[in-house]
Every structure is written in C-alpha cells, then in structure tokens.
Number of protein chains: 2
Amino acid sequence: MNLDSETKAVELPEDHGDELRLWLRLLTCTTLIEGTVRSRLRERFDVTLPRFDLMAQLDRAPEGMTLSDVSKRMMVSNGNVTGLVERLVESGHLDRRTSVSDRRVQVIRLTKVGRAEFRRMAAEHETWIADIFSDLTPKDVRELMRLLAKAKGSAQKAASRRAL
Amino acid sequence: MNLDSETKAVELPEDHGDELRLWLRLLTCTTLIEGTVRSRLRERFDVTLPRFDLMAQLDRAPEGMTLSDVSKRMMVSNGNVTGLVERLVESGHLDRRTSVSDRRVQVIRLTKVGRAEFRRMAAEHETWIADIFSDLTPKDVRELMRLLAKAKGSAQKAASRRAL
DNA sequence: GCCAATTGCTTGAAGCCTAAAGAAATTGAA
DNA sequence: TTCAATTTCTTTAGGCTTCAAGCAATTGGC
C-alpha cells in the first residue's frame, strides 16, 4: 500500500490548470461570437440580443409559452423575463394573455408582425453564424457538438450537486 | 461544367443548421457554467463575477494595467470598466493613479488587500471549475481546447471581415 | 509652433440582469 | 372546508453593459 499517494490526494493541491484554461477559452469564444451577433443585430435590425433570443423561443412554440417556461429555457430570472416581455408587447411583437385555467399564468406568443420580423432576422442570423464558424470542417463541428454535450452534462451534474 | 451546382450556390439557401446548433450549444454551456460560478462567488465571497474577472486580469499584471488594456482583455466597453473600477477602488481592492507620462491614462493595480482576497477566491474558484468539468477526460479537455482555439480563430476572422 | 486627428477616459440614457421580497392564485392535506 | 405551502408573476434595489457624445491630453503633419 502506498501511503504517499493517499496523503497526496488529501494534502497537495491537484493541478486544475487545464480545466481553468478550458473554461477561459470557452468564455472567450462565446463572448467574441456574442459580441459579433449583438452588433450585427443592432446595425441591421435595431434589435437587442435578448429580444431576439426571446422571439426565437416563441417562434418554436406556436401555442405560446408561459413566462416560467421562457425563464427556464433562456436560463434567466423571472423578473428579467417580465421586463423583456413588457417591452416586446409594447413594441407590438408579442401578444400576452392571462391563462383561463390558472389566472397566475401569463401566456405569450409572437404577433403576426413579430413572427414575420423574427423570420426575416433569423434567416440572416443563420448566415452570420455559418460565416463565424466557416473555418471549421463538418467533422470539427460534429466533434465540438459531441464534446460540448458532454461538458454540458458534466456542468449540469455539478450544478445539481451544488444545489443540495 | 456543371451549371446546376453554380445555380444552386446562388439561388438555393445552404444548410447552416449544424453551425446554428453548435452556437446554441456553446452558448448554453457557457451560460450554465457562468451561472454556477456567479452564484458560488456570491454565496462564498459576496463578490460579483465581473469584479472577480477584473481582479483576475490585474493579478496577472503586477505592474498594473490601463483601463484600455482591461477593456480589451475583458472584451467589454470602456464605460463599463470605468464603473467597475470605481466600485472596486471604493471598496479598497484597487489602487488607481494617473500615469505620469500621459495624463489621460489611469493605471490600476490590486491593493494588498485586493490581491490577498483574490488569491483566496481564485484557489477555490479553480476547484469549482475542475468539478464542473469532472466528467471530461484529459483527452476530451485537450480536444476541446484545440477545437475551441480553431473556432476562436474563425470567429475573429469573421469579426475582422465585418469590421471593414 | 500650430492645429487637426487620434487616443484614453468619463458621462448619460437606455436597457439587461439578479436576488430578494411580496402579491395573487392554486393546491393539497387535515 | 380550511388554511398552510407552493407556484407564478411582479416589483424593487442595486449592479452590469452598451452606445454615443463629449472632454482632455497627446501626436503628427505642416
């Protein structure tokens, strides 16, 4: 039995430098792309990224979504969604109504105008993303998808461990 | 000569769905991890993520940095840095002085207290990150690093193309 | 030296975001 | 039925963030 190795595990700090560098690189990539997308959305359509993201969620839900659904999907706070929705209703992109079966619940949908405008933006948005990743081969893309899925699973597990 | 393939390239929309899904997954991963780190920083040290990030930049620059340097490194606006620095000077973590050679320039550094506190936070922060990525093998980590580096390069090229 | 352009930073307006507290509606156990 | 617990959403305070406009200092071409 090797006492040293046991002692080591407890007393010596492990080397987590690689993971830290991975996190920083992930963050840099995302920040870079997010910034590009944000400024293009503003220049071309005078819309903010959070508004675009919210409309994207609703575009996939023709029946509408509750504010809680949106909050979970976008991984932002409830209060945040309340404000975002308020502004998008104000600008005529969203329709909001109280659920008949539960009067606490607000159901929101894209208006006709909102949907048309989103589709127009989304088409162009997709080409920006393709441009941003244009140096990656299809294999790179697949491999990144796979590894990020694994990373996501790992992060979710860690988050739920913490939540206890 | 294949006329069809030329026509296709111009008239038919290409399929960029994979790149879009990759972007969404990248964003989800980052948001998830960022949220975990933010709440742990708040719970354990009552500090915000932007403050931590700024201190991390300064920890690596014993000679100090100018606000512009910080702004570029953190990829945030100048005005943002002005406010962040203001609050961290106020709380005694940062020292700020006007450069003698150029009176427009503000040089900021960690104070003794700021550095000590950052080191304490950073040590724990590193273990959180390791925990978050604990399902990834060393090979996964290497491979992700490589592919993200490639993605970063691609995104930077796209951003500079756009800037013209 | 002069002054136009540039650089570094700050300010102000608007919007995004969180955490925490609170209001209103629903649920479910006794 | 009753009412405590839960759920859904809003509100508030504080901080983060961007963009655009503006001020002050420096630089570079003449």
Side-chain angles (χ1 to χ4, degrees), chain A residues 27 30-32 34-55 64-91 93-94 96-108 163, chain B residues 27 30-32 34-55 64-91 93-94 96-108 163:
Chain A
L27 188 56
T30 301
T31 304
L32 190 59
E34 216 173 42
T36 302
V37 171
R38 179 179 12 254
S39 65
R40 290 194 183 191
L41 280 175
R42 187 180 49 77
E43 285 165 15
R44 289 278 298 134
F45 303 112
D46 193 31
V47 74
T48 65
L49 188 50
R51 276 162 156 96
F52 179 82
D53 286 344
L54 175 45
M55 292 173 82
M65 297 174 81
T66 70
L67 298 205
S68 294
D69 288 344
V70 172
S71 169
K72 278 174 202 121
R73 282 298 200 84
M74 295 181 70
M75 296 191 275
V76 299
S77 68
N78 275 347
N80 189 0
V81 174
T82 295
L84 263 176
V85 166
E86 200 166 73
R87 287 182 289 270
L88 279 166
V89 167
E90 173 65 24
S91 64
H93 294 86
L94 259 55
R96 156 203 237 156
R97 61 187 59 172
T98 301
S99 162
V100 287
S101 61
D102 184 339
R103 278 179 298 171
R104 289 169 305 179
V105 174
Q106 303 287 312
V107 177
I108 55 174
Chain B
L27 188 55
T30 301
T31 305
L32 191 58
E34 215 173 43
T36 303
V37 171
R38 179 176 19 250
S39 64
R40 290 193 183 190
L41 281 175
R42 188 179 49 73
E43 285 165 16
R44 288 279 298 135
F45 303 112
D46 194 31
V47 74
T48 66
L49 188 49
R51 277 161 154 96
F52 179 80
D53 286 344
L54 175 45
M55 291 173 83
M65 298 174 79
T66 70
L67 298 206
S68 295
D69 289 343
V70 172
S71 168
K72 278 176 201 121
R73 282 299 200 85
M74 294 181 72
M75 296 191 276
V76 300
S77 67
N78 274 348
N80 189 359
V81 174
T82 296
L84 264 177
V85 166
E86 200 166 73
R87 287 182 288 271
L88 279 167
V89 167
E90 172 65 24
S91 64
H93 294 87
L94 258 57
R96 157 203 236 153
R97 60 186 62 171
T98 302
S99 162
V100 286
S101 60
D102 185 339
R103 276 178 301 168
R104 291 169 305 178
V105 174
Q106 302 287 313
V107 177
I108 55 174

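Proteins come first, then strands; the chains are lettered A, B, ... in the order of their sequence lines, and each starts at number 1. Not measured: the values here are computed from a predicted model.
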Atom-pair distance ([atom1] on [X]; [atom2] on [N]), nearest Å:
X: L84(B); N: dT17(D); atom1: CG; atom2: C1'; answer: 9 Å
X: D102(B); N: dT7(C); atom1: CG; atom2: P; answer: 12 Å
X: E43(B); N: dT18(C); atom1: CD; atom2: P; answer: 15 Å
X: L49(A); N: dG15(C); atom1: CG; atom2: C1'; answer: 13 Å
X: I108(B); N: dG8(C); atom1: CD1; atom2: C1'; answer: 13 Å
X: L41(B); N: dC17(C); atom1: CG; atom2: P; answer: 19 Å
X: R38(A); N: dA20(D); atom1: CZ; atom2: P; answer: 13 Å
X: D53(A); N: dC17(C); atom1: CG; atom2: C1'; answer: 14 Å

I'd like to check [X] versus [Y] (side-chain heavy atoms, cut-off strictly below 4.5 Å). Are they in contact?
X: R51(A); Y: H93(A); value: no
X: Q106(B); Y: T98(B); value: yes
X: T66(A); Y: V70(A); value: no
X: M65(A); Y: V107(A); value: no
X: L84(A); Y: R87(A); value: yes
X: I108(A); Y: R97(A); value: no

Note to self: Go nucleotide by nucleotide along DNA chain C from the 5' end; which of V100(A) and M75(A) gets its closest nucleotide reached first?
What the structure shows: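 Its nucleotide being nearer the 5' end, the pick is M75(A).
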
Next item on the list: For P50(A) and for S101(A), locate the closest nucleotide of DNA chain C by heavy-atom distance; then report the residue assigned to the nucleotide nearer the 5' terminus.
Entry: P50(A)

Is any side-chain nitrogen or oxygen of [X] closer than 4.0 Å to OP1 or OP2 of [N]?
X: R51(B); N: dC16(D); result: yes
X: S39(B); N: dT18(C); result: no
X: T48(B); N: dC16(D); result: yes
X: R103(A); N: dT26(C); result: yes

Checklist line | Annotated protein contacts, base or backbone, on nucleotides 9-14 of chain D with a non-hydrogen cut-off under 4.0 Å, one of B, S, - each | finding: BBB---

Notebook entry, point to check: To the side chain of R42(B), which of dT26(D), dA19(C), dA25(C) is closest?
Noted result: dA19(C)

Next item on the list: Output all residues satisfying side-chain contact (heavy atoms from CB on, under 4.5 Å) with S101(B), sequence neighbours left out; order by chain, then residue number.
Entry: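 Scan of S101(B) (side-chain contact (heavy atoms from CB on, under 4.5 Å), adjacent residues dropped) gives S99(B).
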
